[in-house]
Each structure stands twice: as C-alpha cells, then as structure tokens.
Amino acid sequence: MRACPSTRAAIQLLNLVATDATAQVSFIDGEVVYKGQVIRELKEWDWSSKLAKIGVQRIEFIPPVQREDFDGFLSDVHERLTQAAIDTAEARQMGRPSIRFGAIGVRGAETETAVTIATATIAYSLREEAEAIAWIHEEVEGAGSLPLLEAETVVRSLSLAMHSESQMLLPLLQLKEFDQYTTTHSSNVSVLAMALSEQLGLGPKEVREFGVAGLLHDLGKVRIPKDILTKPGAFTDSERALMRRHPVDGAKMILEREKRLDTAAVVAYEHHIMLNGGGYPTFKFPRDCHYASKLVHVCDVYDALCTNRPYREAWHSEMALAYLEEKAGHEFDADIVTAFAATARNSSFQRVVLEETSADQSPPATARPPSP
Ligand SMILES: [Fe+2]
Ligand SMILES: [Fe+2]
C-alpha cells in the first residue's frame, strides 16, 4: 500500500536521524541537503520549500526524535506562519528538545528558535494534501484504520494555506477528473468549515475539530461501488437507497475506528438533514442537529453547487450564495448562512486545479459528480 506523503517524509527524515547521532538537514532552493548531498527522495517534499520560504533553512535533530516530535515541529512552524490562527495544544509546546531549527549558519541555543517570520506568501499546489486525503480514504477502505494524525495534519496544512496572506484565502480544489471528486470535495468542505467557524468566532480547538469533521463528512461513500458513484444517469430506487446510506455508514466507520472523533461521527450522520426535517436519514420527529452538522451542511451544498456536472456548469459563487440565502431558515440555519455569505464575499478564492496524482484513474467520459 502507498504511504501517505507526510508519513513518508517523516519516516525518511527519522531514518536519517537513526543513522546519524546529530543529523543536520538544510533546505536550499527547494532541495533537501544532508552532508552536502541532495536527498533525491525528498525532492518533491512540499514542506522543504515552505520551510525555506519562512526562513527555516536548517533543522538539527538531537536523538531520540519521536514521530510526535516531528509532527509537533511542523505544528510549531504552522503556528508561526498562521500567527496562532489555529492554536493547537501541540503547537503551544514551543521549543522541542530534540529538534532545533533556524537559518543556515546560525548556531547556539539563543538563536535556534529566533526565526523571523515576515509575511508568508506561499503558492500552494495542495498536491500533498490531496494525496494525503486520497490515502486516508484508501486506509479506511482497505486497512480499516482511520489515520487521525494524518487527517489533523491535512487540516493544519489547509489552515496554513488559508492564512498565508493578510486577507483570508479560501484555497479550493477544482475538479478536473471525476475520480478526484471525493478528494477535492472533502478538502473544500474542510477549508470552508474552518473559514466559517472562524467567521462565527469559534475557538481554535473547535475550528480544527470542525475542519476534521468537514474532511471526513462523506467517508461513508467508500462503501458505495464506483460504478454507482460514477453513474451518469438517474439512480434506480435501490441505488438511491445505497447512496443514502453513506451518512449512517460514515458515522459507524468513524466511531468504530476512532472514538475521539465523536463530533466528526455526528457530522457524518447529520450532514444531509435539513432544518425543516427534510433530507436523510429520516426521522419521525424533528431532530435538532449538532451545530457542526448545520455548519458543514451549508459548506457541503455550496461546494457541490460550485462543482461542474455534465448536465450543468458549476454555479458561480454568488449564484450558490443566493440559493443558500433563499433556503435559509427552511433548509439551512439562517445565522450560519449569513456568516457563510460574509465569509465567502470577504475572502479571496484561490482555485487550484489538481494536477495528475497517483490517485487519479481514467473516469468514464460521461461521469457526473455525486450529490454532496
Ligand atoms: Fe458532501
Ligand atoms: Fe454526503
């Protein structure tokens, strides 16, 4: 099975540390340099250019270095870039005894964390994030595990992209091939859910939690056969019933694999339930859904409307916002829609067309993206 890119990078660097008592790694021109040699395996590692651009040109590893230290280090860098936009528990633990970093040539305890972060302007391809999302889905489907750490790393990285400029940026993936739909949609709903949570004044822990819930909201779709997901025509009754199982399946899969993701499980279960009781799963009595579910529901529908389908072009943002505003108070929570519209109108969009990844496969020519 393919390894997750962030895991692969971590493993390679940790292997390096294991063979060298005091490894020093430098990032020069997008290359990872160790003992004067370029490490070819890490040439495509996005983080090396991200680190170099914010002034982290050198990292020293002081054994023993655990995987948690490495992830924590990336979290520290993330906080420096976002200037505490997402203040994770791990990120608060500044200064890891086993990892030092700074500019090339800077030595000593006093300067090792004196990295100056000016305005960070980083062009994101979101390629690594997309690969990690595709890998998470494969893990859930194949190995039956839910890699929480990778999911949180993706969410942190997306948040980093959102805060890379002074104005809130919405880095949204644009569908190029149908098989990318689950990946692009999951990433977009996560970004939108975090932006909306921030607009609503939620705390950093909840912003991250809702970002993970957005990322995993359609996880139950891994149980739906590809030929049904990609069916160009109308569904039969049994196919529609199968499609409508994904909230229940997703919630079960999340809870069975990772008990700490209870909010994500609730969101997976409730994200198609409307304020007026419509949608699915259906209930005899009205159900007051979790706040996170109402929030993800709005982001979910918005992203689906703004995606190309064979029978219609993707809607423009304003058109999708008008749809949400028209249904506010009936299908969607009115306050959440108001906040979402403000977020969308006050943010700048960065639409990224995903380049070929190893997750891509040739789609049927007339395939259509599924419903949200
Ligand atoms: Fe969805
Ligand atoms: Fe869904």
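This is a predicted model, so every value here is computed, not measured.
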Report task. For atom CZ of Arg245, decide whether the heavy atoms of other residues, nucleotides or ligands shown that lie under 6.0 angstrom number more than 12. Result ->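 Atom CZ in Arg245 is not packed in, count stays at 12 or less.
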Requested in this report: Check the surroundings of atom CG in Asp227: do more than 12 heavy atoms from other residues, nucleotides or ligands lie under 6.0 Å from it?
Outcome: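 Yes, CG of Asp227 has more than 12 neighbouring heavy atoms, counting only those of other groups under 6.0 Å.
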Report task. Compute whether any side-chain donor of one residue and acceptor of the other, for Thr307 and Tyr181, lie under 3.5 angstrom apart. Result ->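 The criterion, which ignores hydrogens and geometry beyond distance, is not satisfied for Tyr181 and Thr307.
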Non-hydrogen side-chain atoms of [X] and [Y] separated by less than 4.5 Å:
X      : Y      : answer
Tyr302 : Trp315 : no
Val154 : Ser157 : no
Asp218 : Pro247 : no
Leu158 : Leu126 : yes
Leu200 : Leu295 : yes
Lys221 : His137 : no
Glu139 : Ile136 : no
Leu215 : Val189 : no

Give the minimum heavy-atom separation between [X] and [Y], together with the two atoms involved.
X      : Y      : answer
Val296 : Ala193 : CG2-CB, 4.4 Å
Val222 : Glu141 : O-OE2, 3.5 Å
Tyr280 : Ile273 : O-CG1, 3.6 Å
Ala268 : Ala251 : CB-N, 3.8 Å
Leu169 : Ala161 : CD2-O, 3.6 Å
Val248 : Tyr269 : CG2-CE1, 3.8 Å

Query raised in the report: How would you list, by chain and number, every residue that makes a side-chain contact (heavy atoms from CB on, under 4.5 Å) with Ser347, sequence neighbours excluded?
Result: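 Result, side-chain contact (heavy atoms from CB on, under 4.5 Å) vs Ser347: Met168, Leu170, Thr343.
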Report task. Could you list the residues that satisfy side-chain contact (heavy atoms from CB on, under 4.5 Å) with Ala264, not counting sequence neighbours? Result ->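 Partners of Ala264 by the side-chain contact (heavy atoms from CB on, under 4.5 Å) criterion, ordered by chain and then number, come out as Ala213, Leu216, Ile254, Leu261.
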Could you grab the distance from atom [atom1] of [X] to atom [atom2] of [Y], nearest 0.5 Å is fine?
X      : Y      : atom1 : atom2 : answer
Leu172 : Asp303 : CG    : CG    : 7.0 Å
Leu324 : Phe340 : CG    : CZ    : 6.5 Å
Arg351 : Ser317 : CZ    : OG    : 6.5 Å
Arg127 : Glu129 : CZ    : CD    : 9.5 Å
Asn346 : Gln199 : CG    : CD    : 6.5 Å
Leu173 : Ser187 : CG    : OG    : 4.5 Å

Within one Ile-Leu-Val-Met-Phe-Trp-Tyr cluster: [X] and [Y], side-chain cutoff 4.5 Å:
X      : Y      : answer
Phe332 : Met274 : no
Leu255 : Leu146 : no
Leu275 : Val301 : no

Under 3.5 Å, side chain of [X] to main-chain N/O of [Y], donor-acceptor pair present?
X      : Y      : value
Ser190 : Gly214 : no
Arg244 : Arg240 : no
Glu239 : Thr236 : yes

Query raised in the report: Tracing side-chain links under 4.5 Å among I, L, V, M, F, W and Y, which residues wind up in one group with Val266?
Result: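 Grouped by the 4.5 Å side-chain rule, Val266 forms a cluster of one, so the answer is none.
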Query raised in the report: With ILVMFWY side chains joined below 4.5 Å, transitively, what does Phe285's cluster contain besides itself?
Result: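 Taking Ile, Leu, Val, Met, Phe, Trp and Tyr as members, Phe285 stands alone, with no cluster partners.
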Report task. Begin with the C-alpha distance, continue with both residues' side-chain angles, and end with the deciding distance and a verdict on side chain to side chain contact (heavy atoms under 4.5 Å, CB included) for Gln350 and Val352. Result -> CA-CA 6 Å; Gln350 185 194 0; Val352 183; 4.1 Å; yes
Query raised in the report: Charged N to carboxylate O under 4.0 angstrom, Lys252 versus Asp249?
Result: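 Salt bridge absent between Lys252 and Asp249.
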Query raised in the report: With sequence neighbours left out, which residue pairs that include part of residues 287-298 fulfil the side chain to side chain donor-acceptor pair (under 3.5 Å) condition?
Result: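 For residues 287-298: Glu270-Arg287, Glu270-Ser293, Asp288-Lys294.
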Requested in this report: Not counting sequence neighbours, list each pair that qualifies as a side chain to side chain donor-acceptor pair (under 3.5 Å) and has a residue in residues 324-334.
Outcome: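 Of all non-adjacent pairs touching residues 324-334, those that pass side chain to side chain donor-acceptor pair (under 3.5 Å) are Glu325-Arg345.
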Report task. Verify side chain to side chain contact (heavy atoms under 4.5 Å, CB included) between Glu150 and Trp135, making sure each step is shown before the conclusion. Result -> CA-CA 9 Å; Glu150 278 77 4; Trp135 177 84; 3.5 Å; yes
**Report entry** Derivation of the side chain to side chain contact (heavy atoms under 4.5 Å, CB included) call for Arg260 and Glu209
**Finding:** CA-CA 10 Å; Arg260 285 172 291 177; Glu209 192 179 355; over 6 Å; no
Query raised in the report: Do the rings of His246 and His272 sit parallel, tilted or perpendicular, given the 30° and 60° boundaries?
Result: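 Perpendicular.
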